[in-house]
Amino acid sequence: MSEIDNEMRRLDKKSNVFALIGNPVKYSLSPIIHNKLFYKHDIKATYITLEVEDLERSIQDMRMLDIKGFNVTMPYKDGIAKYLDEVAEGGEKIGSLNTVVNEDGEFIGHNTDGFGAREALRRFTDIEGKDILILGAGGAAKAIVYELSKYGEVTVLNRTVEKAKKLERLGAEGKELNEHNLEREMRGSDILINATSVGMNEEESLVPSGFLRSRLTVFDIVYHPIETKLLRDAREKGCLVIDGLWMLIYQGLKSFKIWTGIRADPDYMRKVALRRLKDV
Ligand code: NAP
């Protein structure tokens with residue numbers, strides 16, 4: 001009997017249901033990771049995906065079905081707060097939520113992306129007092145800026161400069177992403193983070209390889225492909241490189257902790273995710 005058969009056999013009518021809502025949801029790694037964790041920790045629960053068209057109605061349905069928790073992905077991370085009962089510390093300021101827990105019928109929203117990025121970095125390097133340069137000012141960048149500005153000096157470069165400036169309220173300095181600013185800012189940085197979607201195409205990078213120096217830590221939050229062109233170039237220059245799968249793992253670990261109180265093993269989660277990525 002396969003492991004999946006075993007997972008299904010453990011469920012009964014009292015089992016809890018968790019979900020991922022978004023549109024699309026079918027490429028997500030979250031279902032395989034959370035279902036494996038429920039199995040590993042002997043928790044009678046399952047994690048399903050819900051491709052949502054009408055957010056308000058779907059939240060009502062989830063309340064009726066007593067769904068115990070869910071993750072939120074594109075395009076609903078920024079708009080979900082108004083349908084919840086409470087938003088946990090930080091979520092309001094970031095303006096974007098990716099995790100909801102059902103606490104005695106109350107839906108409480110969290111953002112675990114900033115934690116995910118912080119723990120991915122801290123696994124490999126010290127972040128205290130560091131100069132951190134972030135490329136991008138979208139949903140993920142907002143959460144990362146909020147979290148990392150507690151530890152170091154954060155500068156944001158973004159193609160749309162107004163969005164970079166908006167992140168100044170979260171503790172960063174915001175500037176336009178152009179070659180001049182990039183070269184100048186990279187000279188004074190200890191850590192470079194790509195928080196744009198550039199890199200999902202394997203041959204694209206926003207950073208000319210000549211700007212990379214071996215003392216720089218380079219973290220790309222894009223996780224598909226795992227080794228983006230930026231990370232490949234950085235590795236060749238001798239930089240410490242961190243891939244986006246680590247962030248995905250740690251943000252998922254935090255969601256699982258919020259739902260179950262259990263701190264899962266990140267190495268196990270990464271093994272599960274890598275196995276799945278090989279199949280896609
Ligand atoms: P988003 O809100 O759509 O933001 C996209 C960002 O990329 C914006 O800053 C945008 O700049 C910039 N951008 C896009 N194309 C660009 C280009 N050609 N040149 C320069 N800048 C460009 O997306 P998001 O939710 O923040 O996600 C960003 C990436 O992070 C995605 O690839 C996503 O899969 C990944 N992600 C990973 C994790 C993880 O756990 N590893 C978590 C969340 C997201 P403008 O503002 O100028 O448009």
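The analysis underlying the following values was restricted to heavy atoms, covering all of them including side chains, and did not include hydrogens, waters or symmetry mates. Both counts, for ligands and for their atoms, begin at 1 and track the order of listing.
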A.B. asks: How far is atom 2 (O) of ligand 1 from its nearest protein heavy atom, and which residue and atom is that?
C.D. replies: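 Residue, atom and distance for the closest contact: Gly139 N, 3.0 Å.
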A.B. asks: Minimum distance, heavy atoms only, to atom 31 (C) of ligand 1: which one of Gly252, Ala120, Ser197, Gly244 is it?
C.D. replies: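 Considering heavy atoms of Gly252, Ala120, Ser197, Gly244, the nearest to atom 31 (C) of ligand 1 sits in Ser197.
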A.B. asks: Is the gap between the ring centers of Phe107 and Phe70 under 6.0 Å?
C.D. replies: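 Here the rings of Phe70 and Phe107 have centres that are less than 6.0 Å from each other.
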A.B. asks: Checking a contact table here: which protein heavy atom is nearest atom 29 (C) of ligand 1, and how many Å away?
C.D. replies: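 For atom 29 (C) of ligand 1, the nearest protein heavy atom is Thr196 O, 3.6 Å.
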A.B. asks: At under 4.0 Å between heavy atoms, which part of Leu135 makes contact with ligand 1: side chain, backbone, both or neither?
C.D. replies: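 Within the 4.0 Å criterion, Leu135 makes no contact with ligand 1.
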A.B. asks: Is a side-chain N or O of Thr217 found less than 3.5 angstrom from the main chain of Val241, in a donor-acceptor match?
C.D. replies: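 Not confirmed, Thr217 side chain does not pair with Val241 backbone.
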A.B. asks: Identify whether the distance between the nearest side-chain nitrogen and carboxylate oxygen of Glu204 and Lys229 falls below 4.0 Å.
C.D. replies: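 No, no charged N to carboxylate O under 4.0 Å.
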A.B. asks: Which heavy atom of Ala273 sits nearest to which heavy atom of Ile249, and what is that distance?
C.D. replies: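 So the minimum-distance heavy-atom pair works out to CB-CD1, 4.2 Å.
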A.B. asks: Would you please indicate yes or no on a ring centroid separation below 6.0 angstrom for Phe219 and Trp246?
C.D. replies: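 Judged by ring-centre distance (under 6.0 Å), Trp246 and Phe219 do not meet the cut-off.
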A.B. asks: Specify the protein heavy atom at minimum distance from atom 3 (O) of ligand 1: its residue, its atom name, and the distance to 0.1 Å.
C.D. replies: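 Checking every protein heavy atom, the shortest distance to atom 3 (O) of ligand 1 gives Met74 CE, 4.6 Å.
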A.B. asks: As a check for students: among Lys77, His224, Arg159, Met200, identify the option with a heavy atom nearest to atom 18 (N) of ligand 1.
C.D. replies: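 Heavy atom nearest to atom 18 (N) of ligand 1 belongs to Arg159.
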A.B. asks: Quick one: does Leu245 get an N or O within less than 3.5 Å of an N or O on ligand 1?
C.D. replies: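 Looking only at distances, the answer is no, because the N/O contact criterion of under 3.5 Å is not met.
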A.B. asks: For atom 38 (C) of ligand 1, find the nearest protein heavy atom and state the residue, atom name and distance (0.1 Å precision).
C.D. replies: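 Checking every protein heavy atom, the shortest distance to atom 38 (C) of ligand 1 gives Met247 CE, 3.8 Å.
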A.B. asks: What are the two closest non-hydrogen atoms of Lys14 and Asp12, and how far apart are they?
C.D. replies: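 Nearest pair, atom of Lys14 first, then Asp12: N-OD1, 2.8 Å.
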A.B. asks: Check the pair Glu147, Arg118 against salt bridge (charged side-chain N to carboxylate O under 4.0 Å, His left out), reporting the backbone distance first and the verdict last.
C.D. replies: CA-CA 7 Å; Glu147 191 59 34; Arg118 184 192 80 194; 2.8 Å; yes
A.B. asks: Less than 3.5 Å between some nitrogen or oxygen of Ala140 and one of ligand 1, yes or no?
C.D. replies: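 Between Ala140 and ligand 1, an N or O pair is found under 3.5 Å apart.
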A.B. asks: Hey, are Asp267 and Arg123 close enough for a salt bridge, meaning a charged N less than 4.0 Å from a carboxylate O?
C.D. replies: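 So Asp267 pairs with Arg123 through a salt bridge.
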A.B. asks: Under the side chain to side chain contact (heavy atoms under 4.5 Å, CB included) test against Val218, which residue among Leu230, Val207, Asn194 passes?
C.D. replies: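 Of the listed options, the one satisfying the test is Leu230.
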A.B. asks: Need the ligand 1 atom indices (1-based, order shown) with element for anything under 4.0 Å from a heavy-atom of Gly136.
C.D. replies: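 Contacts of ligand 1 toward Gly136, numbered from 1: 9 (O).
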A.B. asks: What is the distance from atom OG1 of Thr99 to atom CZ of Phe256, rounded to the nearest 0.5 Å?
C.D. replies: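 Reported to 0.5 Å precision, the distance equals 13.0 Å.
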A.B. asks: Please indicate whether any nitrogen or oxygen in Asn158 is less than 3.5 Å from any nitrogen or oxygen in ligand 1.
C.D. replies: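 Such a contact does occur with ligand 1.
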A.B. asks: Show the atoms of ligand 1 that are less than 4.0 angstrom away from any heavy atom in Tyr223.
C.D. replies: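 Within the 4.0 Å cut-off of Tyr223, ligand 1 contributes 41 (N).
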A.B. asks: Got a donor-acceptor contact below 3.5 angstrom from the Asp233 side chain to the Ser209 backbone?
C.D. replies: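 No; zero donor-acceptor contacts below 3.5 Å.
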A.B. asks: Yes or no, since that's all I need: does a protein heavy atom fall within a distance strictly under 4.0 Å of atom 7 (O) of ligand 1?
C.D. replies: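 Yes, at least one protein heavy atom sits under 4.0 Å from atom 7 (O) of ligand 1.
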A.B. asks: Using only atom types and a distance under 3.5 Å, with no angle test, would you say the side chain of Asn158 pairs donor to acceptor with the backbone of Val161?
C.D. replies: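 No.
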A.B. asks: With respect to atom 4 (O) of ligand 1, which of Ala143, Gly116, Ala195, Gly138 exhibits the smallest heavy-atom separation?
C.D. replies: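 Considering heavy atoms of Ala143, Gly116, Ala195, Gly138, the nearest to atom 4 (O) of ligand 1 sits in Gly138.
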A.B. asks: Should Thr160 be counted as touching ligand 1, given the test is an N or O pair under 3.5 Å?
C.D. replies: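 It does: an N or O of Thr160 is found under 3.5 Å from an N or O of ligand 1.
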A.B. asks: In ligand 1, which numbered atoms sit nearer than 4.0 Å to a non-hydrogen atom of Leu248?
C.D. replies: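 So the atoms of ligand 1 that pass are 39 (C), 40 (O), 41 (N).
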A.B. asks: With respect to atom 37 (C) of ligand 1, which of Val222, Ile221, Leu177, Val161 exhibits the smallest heavy-atom separation?
C.D. replies: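 Considering heavy atoms of Val222, Ile221, Leu177, Val161, the nearest to atom 37 (C) of ligand 1 sits in Ile221.
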A.B. asks: Any protein heavy atom lying closer than 4.0 Å to atom 33 (C) of ligand 1?
C.D. replies: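 No, there is no protein heavy atom closer to it than 4.0 Å.
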A.B. asks: Between Val198 and ligand 1, is there a nitrogen or oxygen pair with a distance under 3.5 Å?
C.D. replies: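 Val198 vs ligand 1: no N/O contact under 3.5 Å.
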A.B. asks: Is there at least one pair of N or O atoms, one from Lys163 and one from ligand 1, spaced under 3.5 Å apart?
C.D. replies: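 Between Lys163 and ligand 1 (N or O atoms, distance only) the closest approach is under 3.5 Å.
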